[in-house]
Amino acid sequence: MRKPLLALPLLFFLQLGCSNSYVFNSMIQQFTACPNNPALTLGVAGTFDGGSVRDNVVWYGRGRIWTLYTAAASGVPPYDPTIGIASSTDGCTWAKGGQVIVPNSAVNECAGGVFSPSVYYDTASDSLTVAVSCVSAPSQWYTGPSTVAELQVTSGADWNAPASYRWQNGGKPVLTESQPWEGTQGVYAPSIASSGKNFYMYYSSSSSSAGRYQVGIAVAGSPLGPWTKSPQNPITPRDTRCEEPATIPLASGTVYLFCDSVGADRHGVNVFSLEGADPMQAANWFYRGVYELPGAPSWRSGEIGSQSVIGLPDGRVLMTYNGKPAGTQSDVRKIGFAFLQFKSKQN
């Protein structure tokens, strides 16, 4: 979603106005990248994902690992973003299932493109709730204004079948720009999580002119909303340039928030930890610094971003991210996967 920016020196990032920040690499005991990365790559030229695959979300269900990913027919504007699906048994070898979500021509806000999906899977009911970013024209993918809309897949339905994904709320957005901090790009890159009886939607907003990137949060009693934004938004400082959030609750009880570090450290992601019971309180999010992905293979040497992180039934933590080579201004991106092992939390 973000506009291309020049990389800033690491020294700048380490001197951000967050007194508690430090490099997060010390919190990760092991990072094991899939040997076949990028494990999810382009389709045949001319197909819906022949130009770029990126901005994906992973979840576990029905005995497999699944991902919905943003697909573009071209690596240059106007992109024509839609959403495809793939599944895996091991997290490294992926089988594509095809294009499953396309723009909603019946609703202006979603008629031009859908991208940056989020998934909430209810294991008890086997229902799938999908939140997507929407624009009214394909050219607005980077500039906005964007909104967030939701779809649902009922119990037993085929996740590989486009007809299974049904627009909710009449296809109209469930989250729009409404708070003063939210910029001209609107609201985008949703991420749905649950805690107790509450559901939380984390989301991004930025301004194409000011270049700010921050994360907000909204709460609801259902994964389908209605969503009420926190009056304390944004929950991340402006200096961290935080975008495209994803949370991961560990078995230890620690909750981490991962998000892009736009233009500040192009090969790392920001990390926050929840230090209070209520995620709606901005003061409860403690900035941990940057997790810099080890190594710099050529396929992601130019930039990485749009991570998603989940815990698997066997106790492993799977992280996914997209990247592109150095020295290119196009957005021909591919997707990699890695397994993380966390150390005990440090204060």
Side-chain angles (χ1 to χ4, degrees), residues 23-41 53-61 64-70 85-94 116-121 189-193 202 204 215 236 240 242-252 254-262 265-274 288-297 299-324 333-345:
V23 176
F24 186 78
N25 292 55
S26 62
M27 299 293 290
I28 302 293
Q29 183 169 314
Q30 188 172 356
F31 175 95
T32 306
C34 289
N36 59 327
N37 275 341
L40 193 61
T41 188
V53 294
R54 55 179 299 174
D55 299 20
N56 65 318
V57 61
V58 286
W59 77 98
Y60 184 86
R64 298 178 67 87
I65 308 168
W66 299 80
T67 184
L68 288 177
Y69 64 93
T70 303
I85 193 169
S87 64
S88 173
T89 57
D90 62 5
C92 291
T93 304
W94 291 84
S116 297
S118 173
V119 163
Y120 178 78
Y121 176 55
S191 178
I192 301 177
Y202 300 84
S204 303
V215 168
T236 61
T240 58
C242 186
E243 183 193 45
E244 297 176 336
T247 58
I248 173 68
L250 301 183
S252 64
T254 302
V255 176
Y256 287 119
L257 169 68
F258 282 53
C259 57
D260 289 5
S261 52
V262 182
D265 183 50
R266 295 164 71 91
H267 293 90
V269 295
N270 286 308
V271 184
F272 294 79
S273 61
L274 182 61
R288 294 282 175 178
V290 173
Y291 177 64
E292 190 169 353
L293 273 61
W299 73 272
R300 62 170 176 86
S301 60
E303 187 174 73
I304 61 105
S306 307
Q307 64 293 316
S308 177
V309 193
I310 61 164
L312 298 175
D314 60 9
R316 294 180 301 167
V317 175
L318 179 66
M319 178 180 184
T320 175
Y321 47 91
N322 69 62
K324 67 176 183 177
R333 293 175 180 260
K334 301 171 185 177
I335 297 173
F337 299 83
F339 294 96
L340 304 181
Q341 183 176 345
F342 288 83
K343 294 182 181 179
S344 298
K345 190 178 71 171

Engineer: Examine the side chains of Arg54 and Ser306 and answer whether a donor and an acceptor come within less than 3.5 Å of each other.
Structural biologist: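 No.
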
Engineer: For Asp260 and Gln307, what are the C-alpha separation, side-chain angles and deciding distance, and is it a side chain to side chain contact (heavy atoms under 4.5 Å, CB included)?
Structural biologist: CA-CA 8 Å; Asp260 289 5; Gln307 64 293 316; 2.7 Å; yes

Engineer: What is the distance from atom OG of Ser204 to atom CD of Glu243, rounded to the nearest 0.5 Å?
Structural biologist: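 Reported value, rounded in 0.5 Å steps: 5.0 Å.
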
Engineer: Where do Pro35 and Cys92 come nearest, in terms of heavy atoms and distance?
Structural biologist: CD-SG, 4.4 Å

Engineer: Rounded to the nearest 0.5 Å, what separation is found between the CG atom of Leu340 and the CD1 atom of Ile248?
Structural biologist: 8.5 Å

Engineer: Is a side-chain N or O of Thr67 found less than 3.5 angstrom from the main chain of Val58, in a donor-acceptor match?
Structural biologist: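 Side chain of Thr67 to backbone of Val58, a donor-acceptor pair under 3.5 Å: no, none is there.
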
Engineer: To the nearest 0.5 Å, how far apart are CH2 in Trp299 and NZ in Lys334?
Structural biologist: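 Here the interatomic distance stands at 9.0 Å.
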
Engineer: Can you confirm whether Ile28 sits close enough to Met319 that some side-chain heavy atom of one is under 4.5 Å from a side-chain heavy atom of the other?
Structural biologist: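 No, their side chains stay 4.5 Å or more apart.
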
Engineer: Test side chain to side chain contact (heavy atoms under 4.5 Å, CB included) on Tyr202 and Ser118; report intermediate values, then the result.
Structural biologist: CA-CA 10 Å; Tyr202 300 84; Ser118 173; over 6 Å; no

Engineer: Looking at CG of Asn322 and CG of Asp55, how far apart are the two atoms once the value is rounded to the nearest 0.5 Å?
Structural biologist: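 Spacing of CG (Asn322) from CG (Asp55) equals 5.5 Å.
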
Engineer: Return the set of residues passing ring-ring contact (aromatic ring centres under 6.0 Å, His included) with Tyr69 (not counting sequence neighbours), or none when no residue passes.
Structural biologist: none

Engineer: Taking all non-hydrogen atoms of both residues into account, name the closest pair between Trp59 and Tyr121 and its distance.
Structural biologist: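 Trp59 and Tyr121 have their closest heavy atoms at CD1-CB, 3.8 Å.
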
Engineer: Are side-chain heavy atoms of Ile335 and Pro38 found at a separation under 4.5 Å?
Structural biologist: no

Engineer: Can the ring centres of Trp94 and Phe337 be said to be less than 6.0 Å apart?
Structural biologist: yes

Engineer: Tell me the closest heavy-atom pair linking Thr70 and Pro117, and the distance in Å.
Structural biologist: OG1-CD, 3.6 Å

Engineer: Kindly give the heavy-atom pair with the smallest separation between Asn270 and Cys242, and that separation in Å.
Structural biologist: ND2-CA, 3.9 Å

Engineer: Going by atom types alone, do Thr320 and Asn56 pair a side-chain donor with an acceptor below 3.5 Å?
Structural biologist: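 A donor-acceptor contact under 3.5 Å links the two side chains.
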
Engineer: Working to the nearest 0.5 Å, report the span between CZ of Phe258 and CZ of Phe272.
Structural biologist: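 If we round to the nearest 0.5 Å, Phe258:CZ and Phe272:CZ are 12.0 Å apart.
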
Engineer: Taking atom OG1 of Thr247 and atom CD1 of Ile192, what is their separation to the nearest 0.5 Å?
Structural biologist: 10.5 Å

Engineer: For Pro245 and Ser191, work out which heavy atoms get closest and say how close.
Structural biologist: O-CB, 3.3 Å

Engineer: So, for Ser116 and Glu244, which heavy atoms are closest and what is the spacing to 0.1 Å?
Structural biologist: OG-OE2, 4.2 Å

Engineer: Report the residues that fulfil salt bridge (charged side-chain N to carboxylate O under 4.0 Å, His left out) with Arg316, sequence neighbours left out, ordered by chain and then residue number.
Structural biologist: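 If we apply the salt bridge (charged side-chain N to carboxylate O under 4.0 Å, His left out) test to Arg316, skipping adjacent residues, the hits are Asp314.
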
Engineer: Please determine whether side chain to side chain contact (heavy atoms under 4.5 Å, CB included) holds for the pair Asn37 and Tyr321, giving the CA-CA distance in whole Å, both sets of side-chain angles, and the decisive distance to 0.1 Å.
Structural biologist: CA-CA 11 Å; Asn37 275 341; Tyr321 47 91; 3.5 Å; yes

